[in-house]
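Heads up, the thing below is written out as structure tokens.
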Amino acid sequence: MNLGNIARGAATRIAIESRYAVTLVRAAGPQAVLSANPVQYIDVLKAIHAHGIEGAATAGAKAMNPRGIAVIDDEGSLSFADLHVNSEALAAALHRLGVDSEASVGILCRNHRAFFEIFFAAGKLGSRTLLLNTDFSGPQLADVCTRERITALICDVEFADRLDNLDATVQVVIADSSKATAKGRPTVRQLVRDGAGSTAPKPKRAQRVVLLTSGTTGTPKGAPRDIDITLAAPGGFLSKVPLRAGRNVLIAAPLFHAWGLSTSMLAFGMGNTVVISRSMRPQRILDALEAHRIDTLITLPILLSRLLTIGADEIRARDLAALRVVALSGSALSAGLAAQAMDLLGDIVYNLYGSTEVAFVAIATPEDLRAAPGTVGRPPFGTTIRILDTDDAQVSTGVPGRIFVRSSLQFGGYTDGANKTISDGFMSTGDVGHLDADGRLFVEGRDDDMIVSGGENVFPMEIEELLTGHPDIVEVAVIGIPDEEFGARLRAYVVGDGELDGDAVKAFVRKNLARYKVPRDVVFVDELPRNPAGKVVKRLLPEPR
């Protein structure tokens, strides 16, 4: 053991965490930090002693901002104090049902207050917490629950018809029961009443959160996350995105997805009010932006695109003066969509590139998006990017290669024992891209999406990016299909908005890209199949008739 190396490593960690802390204080407002009553900090320390770091989240929020509104959803508002009381009562009731730090809790919910009550209750119990995709079929839900050893599943009543294949040992609790019967199963509201005034014992270990990969190419994998005592996640985010304390933040992204969960937790931690809704229809989003004077919109590129289809005149007619930040992640943001949004809303668009496994890789500011259309930005503080060739050697600036990243936020491997490729401590994102002379990252496509057509390497994303810039194309997906002559040929699925035919699509690509990148087939569809995170699920694209 080299004590010198250990000391240097500790000093580096302290320096990095200190810089993150300064970033957090700046975002929260120095006055708010310095003016807090010392009794509040004592209450937070008591909560940590009683519940552990993770379980103390709601108690800490209650102590610092007891009258503040934590959540506004379709039912109305919920204070930080009530969020703490409800989650504490729920934890106590679940503990009586046998849920503890050795248990695994699955959450299958839309965006509403009970999601947070359940999540924080699981934190107080130290339970392994699995966030389940609301698009799961019954058999897929059963498979994931078996693989991940779920002992208690808490779900919305609308998903009750998907529970038939569950193992009989799984304890089912209905998160909401206002619209339909729970068929004799306990509900969250009942458990909150049953546990009122009680407190679950301090957990033996910290909560572990298991996020699921997006599953665009097959069965999603579980990516566990231990909640470490580090400021890397909020500090890295806030080093690029100017989220501020005491504002209203609209989360128009699924809470079970890493993007929706992480940003809502950050918003809570800064004393913001989180605005959510079961419905993420464009008109509902626009109404909420105006009605709640939203400061920050957290959403997906596909939902931003749909929001803009409402029309510039109607959007400009709304009072959106409070809106300062539109932060996007979950899928690729086209240069055209970024420019259109900023032309209409102002230069307030931020794009985050990352994944469940590696967390934030790069963040593009409005300045980046204007200066280098199509970029995903630069890495936040504490993150390093390398572009490697097939021999794991770094490539030159501007040369495409495999994207690898190193940070303190990398996951430790999938729940099935598999892991991402690692090179010298850097983890593969699974994407191919390049860095420009200013250190900005450009993603060219998935490593496994590369199509070899006639001996030429083609990445669909380049063609998709081009075609989404066509005035008569709403969205597009490009895939490779087997071809006897070329090995593979390109097929483009196009959602059009006007009088457009296949020849015009091909001519547009031929005019702007190399001939071998022109799709041989063009199929027009009404919409592209997407998962709840907004990513196109190409394996579900239909065969042409």
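Positions are given from 1, in the same order as the sequence printed here.
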Working for side-chain contact (heavy atoms from CB on, under 4.5 Å), residues E462 and L466: CA-CA 6 Å; E462 180 184 14; L466 172 71; over 6 Å; no
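- By the neighbour-count criterion of 12 heavy atoms within 6.0 Å, atom CD of E314 is densely surrounded, having more than that number from other residues, nucleotides or ligands.
- A distance-only check finds a donor-acceptor pair linking the side chain of T429 to the backbone of I403 [under 3.5 Å].
- Listed by first then second residue, pairs satisfying side-chain hydrogen bond (donor to acceptor under 3.5 Å, both in side chains) with a partner in residues 393-404 read D392-R402, not counting sequence neighbours.
- The nearest pair of heavy atoms linking F360 to P380 is CB-CG, 4.3 Å.
- In this structure, the side chains of R520 and D483 come closer than 4.5 Å at one or more pairs of heavy atoms.
- The side chain to side chain contact (heavy atoms under 4.5 Å, CB included) test applied to V525 returns Y493, V495, V523, L528, P542, not counting sequence neighbours.
- In summary, E456 and K517 do not engage in a salt bridge, as defined by a charged side-chain N under 4.0 Å from a carboxylate O.
- Of the possible polar contacts, one joining the T263 side chain to the W259 backbone as a donor-acceptor pair under 3.5 Å is found.
- The side chain to side chain contact (heavy atoms under 4.5 Å, CB included) test applied to R281 returns S279, R284, not counting sequence neighbours.
- Distance alone, capped at 3.5 Å, is enough to place a donor-acceptor pair between the N133 side chain and the D135 backbone.
- Every side chain to side chain contact (heavy atoms under 4.5 Å, CB included) that D295 has, sequence neighbours left out, goes to R247, R324.
- At least one donor-acceptor pair closer than 3.5 Å links the side chain of N272 to the backbone N or O of G246.
- Residues L344 and A312 share a closest heavy-atom pair of CD1-CB, 3.9 Å.
- Between R530 and E475 there is a salt bridge, with a side-chain nitrogen of the basic residue lying less than 4.0 Å from a carboxylate oxygen of the acidic one.
- A cation-pi arrangement is found for R386 relative to F426, the charged atom lying closer than 6.0 Å to the ring centre and inside a 45° cone about the ring normal.
- Closest non-hydrogen pair, L328 versus V349, comes out as CD1-CG1, 3.8 Å.
- At least one donor-acceptor pair under 3.5 Å links the side chain of T299 to the backbone N or O of A252.
- Between V325 and P242, the closest heavy-atom pair is CG2-CG, 3.8 Å.
- Between F116 and F268, the gap from one ring centroid to the other is short of 6.0 Å.
- Ionic pairing of R406 and D424 is not present here: no N-O contact between side-chain nitrogen and carboxylate oxygen is shorter than 4.0 angstrom.
- Among all heavy-atom pairs drawn from I385 and I387, the shortest one is CG2-CD1, 4.1 Å.
- Using a 4.5 Å heavy-atom cutoff, the side chains of S329 and Y353 are not in contact.
- Side-chain atoms of H292 do not come within 3.5 Å of backbone N or O of I294 as any donor-acceptor pair.
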Worked verdict on V361 versus V376 for side-chain contact (heavy atoms from CB on, under 4.5 Å): CA-CA 9 Å; V361 176; V376 295; over 6 Å; no
side-chain contact (heavy atoms from CB on, under 4.5 Å) between I107 and F256, intermediate numbers included: CA-CA 8 Å; I107 304 176; F256 68 77; over 6 Å; no
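- Remark: the S334 side chain and the E465 side chain contain no N/O donor-acceptor pair separated by less than 3.5 Å.
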Under 3.5 Å donor-acceptor pairs involving side-chain atoms of residues 507-515, not counting sequence neighbours:
residue : atom : partner : partner atom : Å
N512    : ND2  : F508    : O            : 2.7

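- S305 places no side-chain N or O within 3.5 Å of a backbone atom of P301 that could act as its donor or acceptor partner.
- Distance CG/D73 to CZ/R110: 14.5 Å, rounded to 0.5 Å.
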Please list, one pair per line, the donor and acceptor atoms closer than 3.5 Å that link side chains of residues 434-443 to other protein atoms, with sequence neighbours excluded.
residue : atom : partner : partner atom : Å
H434    : ND1  : E444    : OE2          : 2.6
D436    : OD1  : D438    : N            : 2.9
D436    : OD1  : G439    : N            : 3.0
D436    : OD1  : R440    : N            : 2.8
D438    : OD2  : R440    : NH1          : 3.4
R440    : NE   : D368    : OD1          : 2.9

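- With contacts defined as side-chain heavy-atom distances shorter than 4.5 Å, the pair T468/L337 does not qualify.
- For the atom pair L289 CG and N248 CG, the distance stands at 11.0 Å (nearest 0.5 Å).
- A 4.5 Å side-chain heavy-atom check between V522 and V494 finds at least one atom pair inside the cut-off.
- Interatomic distance, L541 CG to R539 CZ, rounded to the nearest 0.5 Å: 10.5 Å.
- The closest side-chain heavy-atom distance from T421 to M427 is not below 4.5 Å.
- Closest of all the heavy-atom pairs between S264 and V274 is O-CG2, 4.0 Å.
- In summary, K538 and E464 engage in a salt bridge, as defined by a charged side-chain N under 4.0 Å from a carboxylate O.
- Remark: side-chain polar atoms of N111 are not paired, donor with acceptor, to backbone N or O of R278 under 3.5 angstrom.
- Atoms CZ and OG1, from R370 and T375 in turn, are 14.5 Å apart once rounded to the nearest 0.5 Å.
- Rounded to the nearest 0.5 Å, atoms CG (L500) and CG (D503) are 10.0 Å apart.
- With contacts defined as side-chain heavy-atom distances shorter than 4.5 Å, the pair F115/L108 does not qualify.
- Here the CD1 atom belonging to I251 is positioned 11.0 Å from the CE atom belonging to M280, to the nearest 0.5 angstrom.
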Residue pair L261, L255: steps toward the side-chain contact (heavy atoms from CB on, under 4.5 Å) verdict: CA-CA 5 Å; L261 178 70; L255 292 175; 5.8 Å; no
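- Put simply, the side chain of Y516 does not reach to within 4.5 Å of the side chain of S453, judged on heavy atoms.
- Looking at T384 and V405, their side chains never come closer than 4.5 Å, going by heavy atoms from C-beta outward.
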